[in-house]
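Below, each value reflects all heavy atoms present in this structure, side chains not excepted, and no hydrogens, waters or symmetry copies.
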Amino acid sequence: MENMAQRAQISKISAFEGQEVTIKGWLYNKRSSGKLRFLLVRDGSAIIQCVVFRNDVSEQVFADADALTQESSLEVTGTVTADKRSPLGFELQVKDLKIVQLAHDYPITKKEHGTDFLMDHRHLWLRSKRQHAILRIRHQIIHAAREFFDDRDFTLVDSPIFTPNAAEGTTTLFETDYFGSSAYLTQSGQLYAEAGAMAFGKVYCFGPTFRAEKSKTRRHLTEFWMIEPEVAYFDLQDDMQLAEEFVSHLVQSVLKHRMPELLTLERDISKLEQIKAPFPKIHYNEAVDILKKHGSEFIPGDDFGAADETIISEQFDRPVIVHHYPAAIKAFYMKRDPQEPESALAMDMLAPEGYGEIIGGSQREDDYETLLNRIHEHNLPEEAFKWYLDLRKYGSVPHSGFGLGIERTVAWITGIRHVRETIPYPRLMQRLYP
RNA sequence: UCCGGCGUGGCUCAAUCGGCAGAGCGGGUGACUGUUAAUCACUAGGUUGUAGGUUCGAGUCCUACCGCCGGAGCCA
């Protein structure tokens, strides 16, 4: 391949109409008809059909086109032409072709495969259209999340992954050996974010979190990503408003920038278009009334099960925030409402269409003595929380925050059933490879 | 951990009442000048998850084990 045509990215190919370009990529699929070979070439940005006509190329080039197998890497040079038959709108009339490497027996074929097989080949599965669409939307959601907080003058203050103690008990933590003593993988960055809020006013952290729960459902991973804002001088009302504006922004950003991907996934766009703040906000007791009305066997005072969450969320056309949960079922650090001491100033946001809880948040306990008592009541080691208690000793203020699970949010917005496809390499109870 | 389901070529599946293990895709060979999961012809490819049992005969029935899937609990 001696000629030096300009290099083109397929997604930007319209700018090169009529010109000769070189595309470097991989063979996505190949079809043929007589003296024609249709090469579907992908370069990571998009897929373009490259047409090889026997009379236009050397014998060697035509033979190479014939020999190409699925996912072989190649460089192809030709003229960009507009074509109404093409989904992209453009094709490449091939003049020259160079095989970079010939792939043998690519395991993922054009017919359907089972999830377990595909997950065993997750490193290759990422090349498929559907996975591209999902992961590009994930990228958009993460971009929009950072953009949202950055535009509001939040500072990114990340929390550690190794932690000496548990935020809410130790049973669901992954324990690791840390130079002879124990360290746990974090299950929330929140406590550290609180320290950040006392230093910077408005902060967020964004990173992976780990839960050793033996959960086998479509909503659970053992390793997932969470974005957690925390704000000083913020009460529960402020927190709920921030949460609804945040989620609204994520959805609108995906609608604005990732419509082709949503269409690839056959997402019902009308369901997303109505996701605009404000969201409905209901008291825990109102949620209980809804469950009663719909014949649930729910026992007031308990936390909602998956079926209960679905019943509640089905009453609304956008995410619903449930607040004032019984303090008894909530974490030790949540502040109780002085007006109703049995209730925590806590809130959860339930996504529509049965995707479950995507946000959990609260106003935090800011009184030193009260928090110390809670730590004792929950049988947590006081020593490990000394630094956390310091925050209540040196200029304590009301503050609130929440955590949003990225994978559940991606599953909901993309409309895919299971969270395992919303992360490049899902970690599940039975899945640690690749 | 509990409940339910499924293990058959590389992949996705079929095989009637217990009676010759089959198809499509992928691989190989060939045909075709506009294919869209191209199509067509030919071809290779099997210890039916493992171990035992019932039977003249087991992919099919029974027992145990292993693996996976779905759901529950817990949570984001």
Sugar-phosphate only, base, or nothing, as touched by Ala307(A) at under 4.0 Å among non-hydrogen atoms: nothing
For U48(B) and A58(B), measure between their C1' atoms and round to the nearest Å. 11 Å
For Tyr204(A) and Asp150(A), test the side chains for any donor-to-acceptor distance below 3.5 angstrom and give the result as yes or no. yes
Taking atom C1' in both C69(B) and C61(B), what distance in whole Å separates the two? 24 Å
When you match Gln430(A) and Leu40(A) each to their closest nucleotide on RNA chain B, which lands nearer the 5' end? Leu40(A)
Within the 4.0 Å limit for protein heavy atoms, which parts of nucleotides 24-31 of chain B are touched? Write it as a string from 5' to 3', B for base, S for sugar-phosphate only, - for none. SSSS----
Report the nucleotide, chosen from A72(B), U12(B), A76(B), that has the shortest atom-to-atom distance to any side-chain atom of Phe117(A). U12(B)
Nucleotide nearest Glu309(A) when distance is taken to its side chain, options G70(B), U33(B), C75(B): C75(B)
Checking G34(B), U12(B), C69(B) against the side chain of His113(A) (C-beta onward), the nearest is U12(B)
Does anything in residues 92-138 of chain A pair up under ring-ring contact (aromatic ring centres under 6.0 Å, His included), and if so which pairs, sequence neighbours excluded? His113(A)-Phe117(A), Phe117(A)-His121(A)
Between A21(B) and U60(B), how far apart are the two C1' atoms, rounded to whole Å? 12 Å
Establish, from distance only, whether the side-chain atoms of Ser253(A) and Gln140(A) form a donor-acceptor pair under 3.5 Å. yes
Side-chain contact, heavy-atom cut-off 4.5 Å: Val51(A) with Asp83(A)? no
Let's see if you can work this out: which of U35(B), G71(B), A76(B) has an atom nearest to the side-chain heavy atoms of Arg417(A)? G71(B)
Looking at G34(B) and Phe38(A): do their rings stack (centroid distance under 5.5 Å, interplanar angle under 30°)? no
Closest nucleotide among C74(B), G34(B), G71(B) to the Arg218(A) side chain: G71(B)
List for me each residue that meets side chain to side chain contact (heavy atoms under 4.5 Å, CB included) alongside Ser45(A), sequence neighbours excluded, and say none if there are none. Gln9(A), Ile10(A), Ser11(A), Asp43(A)
Among the nucleotides A37(B), G34(B), C11(B), whichever has the atom closest to the side chain of Leu36(A) is G34(B)
Give a yes-or-no answer on whether the side chains of Gln131(A) and Glu421(A) include a donor-acceptor pair shorter than 3.5 Å. yes
Can you tell me, in whole Å, how much space there is between the C1' of C6(B) and that of A44(B)? 30 Å
Quick one: label Glu223(A) by what it contacts on the DNA or RNA (base, sugar-phosphate, nothing), any heavy atom closer than 4.0 Å. nothing
